[in-house]
Amino acid sequence: TTEKESEVKSGFKVPRNMMSNPDVTRLINSDEIQSIVTAPKEPHRGSTMKKNPLRNLGALIKLNPYAKTARRQALLLQAQRSEIKQKKLENMRNGVSNKLGKSADVKKIGKDFVAALRADHSYEGPDYEVFSNWLGQEA
């Protein structure tokens, strides 16, 4: 019992009940307890994870609002360049010259110059066989 010591174990008493009234919820919600208890604390929110502005566009725009415009201009420029490249590749496939600045007159002058070189010089013999093949002449 709670008053009498144990006969088996010397100096041992059964623990006494700490509360005389076991209705804990009624006690906690009573006005006497609630007037003393502090208000419940808001849960602590941890700090947000830092984002790398070189990889995260939103973080970059927060630091530098002009980055959005610069990125858009870079994308437009890239699209224009790829379009020009596609046109050049298509022209190469069709055998059309990609040199937009050279007119037919300039091309004719170049062709005449090479023809004059071929006519002025006659490279014959085994030493000039490779060179004549390079010029497009038959050895």
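The model shown is predicted, which means the values in this text are computed figures rather than measured ones.
Residues P53 and K50 approach most closely at CD-NZ, 4.1 Å, considering heavy atoms. Counting all heavy atoms, side chain and backbone alike, L27 lies closest to I33 at O-CG1, 3.1 Å.
More than 12 heavy-atom neighbours from other residues, nucleotides or ligands sit within 6.0 angstrom of CG on D23.
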Listed pairs under 3.5 Å, donor-acceptor, residues 65-86 side chains, sequence neighbours left out:
residue, atom, partner, partner atom, Å
S82, OG, Q78, O, 3.4
S82, OG, A79, O, 2.9

Tell me which donor-acceptor pairs under 3.5 Å the side chains of residues 36-48 have, and how far apart each pair is, sequence neighbours excluded?
none

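With hydrogens and angles ignored, the 3.5 Å screen pairs a side-chain donor or acceptor of Q34 with a backbone N or O of I28.
Evaluated for a side-chain contact (heavy atoms from CB on, under 4.5 Å) with K51, the options L57, N56, L60 yield exactly one hit, N56.
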